[in-house]
Protein chains: 2
Amino acid sequence: MRKTYAQTIPAEWQQYSQLFAALGDLERQRILLTFEPGETLNVTDLTRASSLSRPTVSHHLKLLCEAGVLEREKRGREVHFRLRADALIERLQTVIDYLGEHR
Amino acid sequence: MRKTYAQTIPAEWQQYSQLFAALGDLERQRILLTFEPGETLNVTDLTRASSLSRPTVSHHLKLLCEAGVLEREKRGREVHFRLRADALIERLQTVIDYLGEHR
DNA sequence: TTCTCATGTCGAAAAATATCGACTATTTTG
DNA sequence: CAAAATAGTCGATATTTTTCGACATGAGAA
């Protein structure tokens with residue numbers, strides 16, 4: 001039994017906690033599933049495809065960006081979001097590798 | 001843009017939402033990291049290795065079991081938990097595969 | 001510049017989740 | 001059987017998260 005992690009968790013792992021928390025919400029999952037492969041969507045698009053208000057969608061987009069799931073790019077007065085599929089795959093693979101080594 | 005998921009999400013995906021939500025909590029992450037490879041721990045063990053009360057640890061263990069991350073086995077008056085590493089790897093791999101196909 | 005559109009932010013309210021002590025059930029020990 | 005050990009449940013409280021309307025900002029259009 002490891003007692004090391006009872007109080008503190010390495011920063012590297014906290015990043016994954018943040019990632020999983022971001023993915024573990026149904027509304028955010030809905031937002032992510034709205035993206036077609038390689039597609040770019042702005043806040044208005046995503047709000048229309050949702051049942052939530054714009055500030056709320058904006059809030060979820062912020063969390064998804066901070067977790068590294070989405071990429072944010074400003075174009076004129078619009079802000080476009082894109083799914084960071086490659087980065088996401090890489091990070092999930094890291095977790096799988098860890099589990100495989102400590103199985 | 002897919003509008004299909006705006007309201008409803010397939011049951012198959014909700015299961016992943018539950019999984020990620022379970023993994024996306026620092027206290028639960030601490031609990032999971034306490035397990036050494038293949039190790040089996042009971043509630044008392046895990047409570048001692050934690051800063052939380054026993055009912056709270058019990059609560060987190062319940063969520064982790066419901067999400068399929070831990071396995072629960074009753075032995076006499078003790079209840080032992082084991083990390084379902086294989087199942088976890090398999091499910092994360094499914095997500096990776098989906099992302100790869102829709103990249 | 002003035003107007004409109006696209007977003008972000010802020011504060012408050014609502015909803016969900018986490019936390020704990022007290023109590024209960026069950027099993028083993030003396 | 002009585003006592004101790006192990007763990008689940010319940011109800012109340014605390015904390016966190018979600019949600020929205022109102023306001024602020026900044027960029028393009030008229």
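Computation of the quantities below employed the complete heavy-atom set of this structure, encompassing side-chain atoms and omitting hydrogens, waters and symmetry-equivalent molecules. To find a chain, count down the sequence lines: A is the first, B the second, and so on, and within it residues start at 1. No experiment lies behind these values; they were computed from the predicted model shown.
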Note, B:Y5 side chain near A:L32 side chain (heavy atom, < 4.5 Å): no
Determine: side-chain N/O of A:N42 to OP1/OP2 of C:dT7, distance under 4.0 Å, yes or no. yes
Could you tell me how far apart A:L52 (CG) and D:dC20 (C1') are, to the nearest whole angstrom? 10 Å
What nucleic acid atoms does B:T56 come within less than 4.0 Å of, heavy atoms only: base, sugar-phosphate, or nothing? base
Rounded to whole Å, NE2 of A:H59 lies from C1' of C:dT7 at a distance of 16 Å
Using OP1 and OP2 only, check whether a side-chain N or O of B:R75 sits under 4.0 Å from C:dT27. no
Check the pair B:L52 / B:H60 against side-chain contact (heavy atoms from CB on, under 4.5 Å), numbers first and verdict last. CA-CA 10 Å; B:L52 302 173; B:H60 287 305; 4.0 Å; yes
Atom-to-atom span, CZ of B:R48 to P of D:dA5 - whole angstrom: 11 Å
Of all the choices, C:dT9, C:dG8, C:dA6, which nucleotide is nearest to the side chain of A:E78 once you look at every atom? C:dA6
Let's test your reading of the model: under 3.5 Å, does the base of D:dG21 pair with the side chain of A:R54 as donor and acceptor? no
Nearest-0.5 Å distance that lies between atom NZ in B:K62 and atom CZ in B:R72: 10.0 Å
Distance-only, no hydrogens or angles: does the A:R54 side chain make a donor-acceptor pair with backbone N or O of A:T47 under 3.5 Å? no
Within less than 4.0 Å of OP1 or OP2 of C:dT9, is there a side-chain N or O belonging to A:S58? no
Closest-nucleotide 5' rank along DNA chain D - winner of B:D45 and A:K74: B:D45
Specify the separation, in whole Å, of atom CG of A:L61 and atom C1' of D:dT17. 16 Å
Euclidean distance, atom CZ of residue B:R77 to atom C1' of C:dT24 [Å, nearest integer]: 17 Å
If the test is side-chain hydrogen bond (donor to acceptor under 3.5 Å, both in side chains), which one of B:H80, B:K74, B:R75 qualifies with B:E78? B:H80
Would you mind reading off the distance between A:E73 atom CD and C:dG8 atom P, rounded to a whole angstrom? 13 Å
Once you apply a heavy-atom cut-off of 4.0 Å, does B:L63 come out as touching a base, just sugar-phosphate, or nothing? sugar-phosphate
Rounded distance in Å - NE2 (B:H60) to P (D:dG8): 14 Å
Return no unless some side-chain N or O of B:S53 is found under 4.0 Å from OP1 or OP2 of C:dC20. yes
Are any of B:T44's side-chain N or O atoms less than 4.0 Å away from OP1 or OP2 of D:dA7? yes
In this structure, how many angstroms lie between the C1' atom of D:dT17 and the NZ atom of A:K62, rounded? 14 Å
